[in-house]
Amino acid sequence: MGLGQKAALNPQEFPNCTTAIETSQATPKHNCIAYAFGDTTRWWWPKRPFYWPTAAPSEVTVHAFEQLLAHKGYRESATEQPEDGKHKIALFVTADGRPTHMASQLKTGRWSSKIGQNVDVEHDLADLFGPQYGGLHKVYERVLSAPAVP
Amino acid sequence: MNMARMARALDQTKSERRVRASGAVQTGALHNYRTGAEDIDVGSDLRAQIARRNDVKVIVDLVRQWRASTINVSDFADWVADKHYRAIIAVGERAIPGVLAAIAEEPSWIVLALEELTGARPYDDDAFGDLERIVGGWLVWGSDKKLL
């Protein structure tokens with residue numbers, strides 16, 4: 001496997017992964033949350049020694065992750081379809097509501113994700129549904145004319 | 001934190017990585033992380049295995065296995081619950097040189113184990129999330145303690 005080829009994700013963790021394409025080398029420097037907000041230099045998680053903006057509670061809850069999204073200018077989206085002038089982020093949660101993952105929408109309507117300490121992949125949302133990340137909680141959007149919060 | 005010393009420690013780490021570039025641990029797909037790692041049976045008597053073999057090598061192999069097991073996960077709670085991580089913690093202070101050797105070979109978030117084993121945090125608060133700076137702080141700490 002390699003760049004531009006089908007991602008070699010563990011089928012026990014991602015049994016629905018059929019269309020994901022590897023788009024980077026693996027790195028532990030950043031994770032999916034950082035990547036969704038365009039930061040490839042830090043690992044974001046609501047626990048020290050990771051980075052987490054003070055505007056959001058330091059807890060692994062949907063509330064804390066939604067506070068982070070709101071701080072960054074995102075609000076709930078009515079559709080997961082791409083819309084001109086908007087950037088969208090998908091939040092994944094486990095069956096018991098624990099946040100696990102974020103994915104960033106591409107202009108094509110496909111999604112881009114950093115997989116833990118592993119590679120980046122381009123994928124459909126359903127590719128990552130399963131025991132590792134759970135399923136889709138909601139999709140959030142930000143109007144691109146609005147300035148991004150650093 | 002002495003930034004010059006941290007930079008030297010990081011340079012040394014990068015140099016070692018270049019030397020080992022054809023070796024076991026490469027950044028790449030999941031299967032690459034598994035290449036070359038000798039399986040440690042964490043279900044058996046780990047202390048007996050360590051007594052039979054080099055401590056550092058056992059711990060470095062455990063770190064490789066931890067990374068392979070948790071490579072797709074962002075949540076530290078899953079990292080620290082992993083059986084390989086728990087095995088490293090169960091070894092106690094004797095695991096510290098091996099964990100330092102592992103992050104010198106390839107920076108990773110196994111630095112969490114160093115914090116748990118030592119209670120130390122040898123980096124500044126503004127380094128939170130920045131793996132290179134955190135690893136650099138630990139390498140300086142390990143050098144100061146003559147554990148590297």
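Labels below follow one simple rule: chain letters A, B, ... track the order of the sequence lines, proteins then strands, and each chain is numbered from 1.
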- Query: Which residues in residues 37-50 of chain A have any heavy atom lying under 4.5 Å from a heavy atom of chain B?
  - Reply: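 Expected list: A:Thr41, A:Arg42, A:Trp43, A:Trp45, A:Lys47, A:Arg48, A:Pro49, A:Phe50.
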*Out of A:Lys114, A:His101, A:Arg98, which one racks up the most heavy-atom pairs below 4.5 Å with chain B?*
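Highest number of heavy-atom pairs under 4.5 Å: A:Arg98.
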Query raised in the report: Can the ring centroids of A:Phe65 and A:His137 be said to lie less than 6.0 angstrom from one another?
Result: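 No - the distance between ring centres of A:Phe65 and A:His137 does not fall below the 6.0 Å cut-off.
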query = Around atom NZ of A:Lys29, are there more than 12 heavy atoms of other residues, nucleotides or ligands at under 6.0 Å?
reply =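 Counting other residues, nucleotides and ligands, NZ of A:Lys29 stays at 12 neighbours or fewer.
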Problem set entry | CG (A:Asp96) with more than 12 external heavy atoms under 6.0 Å |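 Yes, because the 6.0 Å sphere around CG of A:Asp96 holds more than 12 heavy atoms from other groups.
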### Message
If we check side-chain hydrogen bond (donor to acceptor under 3.5 Å, both in side chains) with A:Tyr35, which of these qualifies: A:Ser104, A:Ser24, A:Ser112?
### Response
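The single option meeting the side-chain hydrogen bond (donor to acceptor under 3.5 Å, both in side chains) with A:Tyr35 is A:Ser112.
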Next on the checklist: For chain A, which candidate among B:Leu131, B:Asp130, B:Asp78, B:Asp75 shows the most heavy-atom pairs at distances under 4.5 Å?
Outcome noted: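 With the most close heavy-atom pairs to chain A, the winner is B:Asp75.
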- Query: Do A:Trp52 side-chain atoms and B:Gly129 backbone N/O form a donor-acceptor pair below 3.5 Å?
  - Reply: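 No; judged by distance alone, with no hydrogens or angles, the pair does not exist.
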Qualifying residue for salt bridge (Lys or Arg N to Asp or Glu O under 4.0 Å) with A:Lys88, from A:Glu80, A:Glu83, A:Glu76:
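One option only clears the test, and that one is A:Glu83.
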With sequence neighbours left out, write down each residue that passes ring-ring contact (aromatic ring centres under 6.0 Å, His included) with A:Phe129, or none if nothing qualifies.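 Residues passing ring-ring contact (aromatic ring centres under 6.0 Å, His included) with A:Phe129: A:Phe92.
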